[in-house]
Chemist: 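My structure is below; once you've seen it, I'll send some questions.
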Number of protein chains: 2
Amino acid sequence: MEAKILLQEHIAKTVSLTEEEFDYFFSHFKPMSFKKGQTIIGAGDKVDCEYFVISGCLKAFFINDEIKMYILQFAMPTWWTSDYTALYNQTPATINVDCITDAEVLCLTSTDREKLCAEFHQVEHFFRWRTNKGYIASQKRLLSFMNNNVKTRYEELLALYPQLYNLVPKHLIAAYLGVSRETLSRLYNS
Amino acid sequence: MEAKILLQEHIAKTVSLTEEEFDYFFSHFKPMSFKKGQTIIGAGDKVDCEYFVISGCLKAFFINDEIKMYILQFAMPTWWTSDYTALYNQTPATINVDCITDAEVLCLTSTDREKLCAEFHQVEHFFRWRTNKGYIASQKRLLSFMNNNVKTRYEELLALYPQLYNLVPKHLIAAYLGVSRETLSRLYNS
DNA sequence: TTGATTACGTGATGTAGATCACATTCTGAT
DNA sequence: ATCAGAATGTGATCTACATCACGTAATCAA
C-alpha cells in the first residue's frame with residue numbers, strides 16, 4: 001500500500017480528508033506499471049487520464065516535425081502529469097508522455113476527477129491549489145527562458161532537481177533546457 | 001453597473017450562481033480606476049490583491065537588472081492579473097503591473113478569494129478552471145518559445161490578439177516576444 | 001562475445017538575433 | 001507653438017547557440 005500512503009500524504013499537505021473520504025477518493029485511482037521506454041500517452045491518442053507518479057521518472061514532451069524534442073516536464077514521485085491541453089479540450093494528444101525509467105503511477109480519469117471535485121469541496125480545493133502551483137512554476141520557467149542564458153538555466157535546473165543529473169541522460173536535460181546536446185556538453189566541460 | 005455585468009457574464013461561462021449569491025460575491029470586489037502609466041503593483045510591494053480588468057489594457061512584467069523588460073501578460077477586459085507568485089507565497093512582488101492605457105479594474109483580496117472559495121463550492125470551481133486555463137496557456141507559450149522563431153511567435157501573438165497591434169507600442173510587443181525592438185522592427189518591415 | 005544502438009565529446013562553420021550607434025517621427029506637456 | 005522625451009527605423013558589427021561531421025565510449029540483446 002506504498003502508493004496509497006504516498007498519495008495520502010501528498011493530499012494531506014493541502015487539505016484534510018477523513019480516512020473514509022480518502023479511501024473513497026483513492027478507490028478511483030487505478031495503479032499501473034510501466035517499463036523503461038514505454039509510452040503512456042502518444043501524440044494523436046485520446047487522453048482521458050492524468051497520472052500521479054509513485055516511483056520512477058517520466059517525461060512529458062513535444063516533438064516538432066518528427067525531429068526535435070522539447071521536454072515540458074520531468075515527472076518524479078508525487079508529481080502529476082498528462083497532456084492537460086488534450087485532457088481539458090478533449091482533443092487528440094500533442095504531448096507525449098513516456099518512461100525514462102521503470103515506473104509506477106496512479107491513473108485518474110478526467111471524469112472521476114470532476115466527479116470527485118463535485119462531491120467533495122475539499123477535493124476541488126486540492127486540485128485548485130495543485131494547478132495553481134503548476135501555473136506559478138510554469139510562469140517562472142517562462143521568465144527564466146526569456147531572461148537567462150543556457151548556463152544559468154542549466155544551473156537552475158540542477159539546483160532544483162539534483163537527482164536528475166544522475167538519473168536522466170544528458171540529451172534529455174538538453175531537451176528540457178531547449179538547447180542542443182552539443183551546446184550542453186560544451187557547457188559543463190568548461 | 002457595467003463592471004458588475006461584465007464579471008457576472010464572465011463567471012457565468014463556468015459556473016451558475018443565483019442572483020443573490022452573485023451579489024454577495026460581487027460585494028467583495030473593489031472598483032478602482034487608473035490612468036495610463038500608473039503602477040498597480042511595483043517590484044518589492046506587498047501583494048494582497050488580484051485584479052479583474054473591466055476596461056483598458058495592463059501589462060504584467062519583469063525587469064532584469066533595471067535594464068530589460070519581459071512582459072508576462074497583457075491583461076485586457078475580462079482577464080485577471082496579479083503577481084501570483086507573490087500573492088500565493090506572501091513574498092514581495094517581483095512582477096510589476098501597470099497601465100498601458102487608462103484602466104478600470106475590480107480588485108479582490110486574496111483573503112476574500114479564499115473566503116469566497118470556502119463559502120461557495122461553485123466559486124472554488126470557478127477559480128480552479130480559471131487557473132487551469134492559465135496553466136494550459138502558459139505551457140503553450142513555453143512550447144512556442146522553445147519551438148518557434150521570433151517571426152512565428154509574432155504571427156501567433158497577432159492572430160491571438162489582433163487588437164494589440166494598434167493598442168500597444170511595438171517595443172512592448174517585442175518585450176512580450178522576448179526579442180529586441182530592433183529585431184521586431186526589421187521583422188515586419190520585410 | 002560480438003555487433004548494434006545509444007550516449008557523449010569536440011572541432012569547423014553557419015545564422016538568428018543582440019547590441020551599438022545614430023537618424024527620424026510622433027506625442028504630450030507647458 | 002515649441003520643446004523634450006518617447007517611439008520607431010536602419011545600418012554595422014558581435015555572439016551565443018545551432019548544425020554538421022566525425023570520433024569514442026557505454027549499454028544491451030542474442
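A, B, ... follow the sequence lines: proteins, then strands. Residue 1 opens every chain. FYI, side chains are in, hydrogens and waters are out, and symmetry mates aren't considered; it's all heavy atoms of this structure.
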Chemist: Rounded to the nearest angstrom, tell me the gap between atom CG in Asn166(B) and atom C1' in dA7(D).
Modeler: 15 Å
Chemist: Can you sort out the partners of Lys46(B) under side-chain hydrogen bond (donor to acceptor under 3.5 Å, both in side chains), two or more places apart, ordered by chain and number?
Modeler: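 Expected list: Asp48(B).
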Chemist: Using atom NZ of Lys35(A) as one end and atom C1' of dC28(D) as the other, report the distance to the nearest whole Å.
Modeler: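 Going from NZ in Lys35(A) over to C1' in dC28(D) covers 15 Å.
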Chemist: Output the rounded distance in Å from NE2 (His171(A)) to C1' (dT27(D)).
Modeler: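 Whole-Å distance recorded here is 14 Å.
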Chemist: Does the protein touch nucleotides 10-23 of chain C at the base, only the backbone, or not at all? Give it as B, S and - per nucleotide, heavy atoms under 4.0 Å.
Modeler: BBB----SBBBB--
Chemist: Is the charged tip of Lys115(A) near the ring of Phe120(A): under 6.0 Å from the six-membered ring centre and within 45° of its axis?
Modeler: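 Ring-cation test returns no.
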Chemist: Quick check with a 6.0 Å cut-off and a 45 degree axis cone: is Arg141(B) positioned over the face of Tyr176(B)'s six-membered ring?
Modeler: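 Pair Arg141(B)/Tyr176(B) counts as cation-pi.
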Chemist: Mind checking whether Phe52(A) and Trp79(A) have ring centres under 6.0 Å apart?
Modeler: no
Chemist: Please round to 10 degrees the angle between the axis of the first five pairs and the axis of the last five pairs in the helix from dT1(C)-dA30(D) to dT30(C)-dA1(D).
Modeler: 50°
Chemist: Using whole Å, report how far OH of Tyr188(A) lies from C1' of dA7(C).
Modeler: 9 Å
Chemist: Grab the CE-P distance between Met69(B) and dA7(D) for me, whole Å please.
Modeler: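 Taking CE of Met69(B) and P of dA7(D), I get 9 Å after rounding.
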Chemist: Tell me, please, whether Tyr154(A) has Lys151(A) positioned over its six-membered ring: NZ or CZ under 6.0 Å from the ring centre and within 45 degrees of its axis?
Modeler: no
Chemist: From NZ of Lys36(A) over to P of dT6(C), roughly how many Å is that when rounded to an integer?
Modeler: 12 Å
Chemist: So that I can tick it off, tell me whether Lys4(B) and Glu9(B) are bridged by a salt bridge, with the cut-off set at under 4.0 angstrom between side-chain N and carboxylate O.
Modeler: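 Result for this pair is no, no salt bridge flagged.
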Chemist: Taking Arg153(A) for the side chain and Asn148(A) for the main chain, is one N or O donor matched with an acceptor at less than 3.5 Å?
Modeler: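 Indeed, once roles are kept as given, a pair shorter than 3.5 Å links the two residues.
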Chemist: Could you please spell out the steps behind the side-chain contact (heavy atoms from CB on, under 4.5 Å) verdict for Phe61(A) and Val97(A)?
Modeler: CA-CA 6 Å; Phe61(A) 61 103; Val97(A) 175; over 6 Å; no
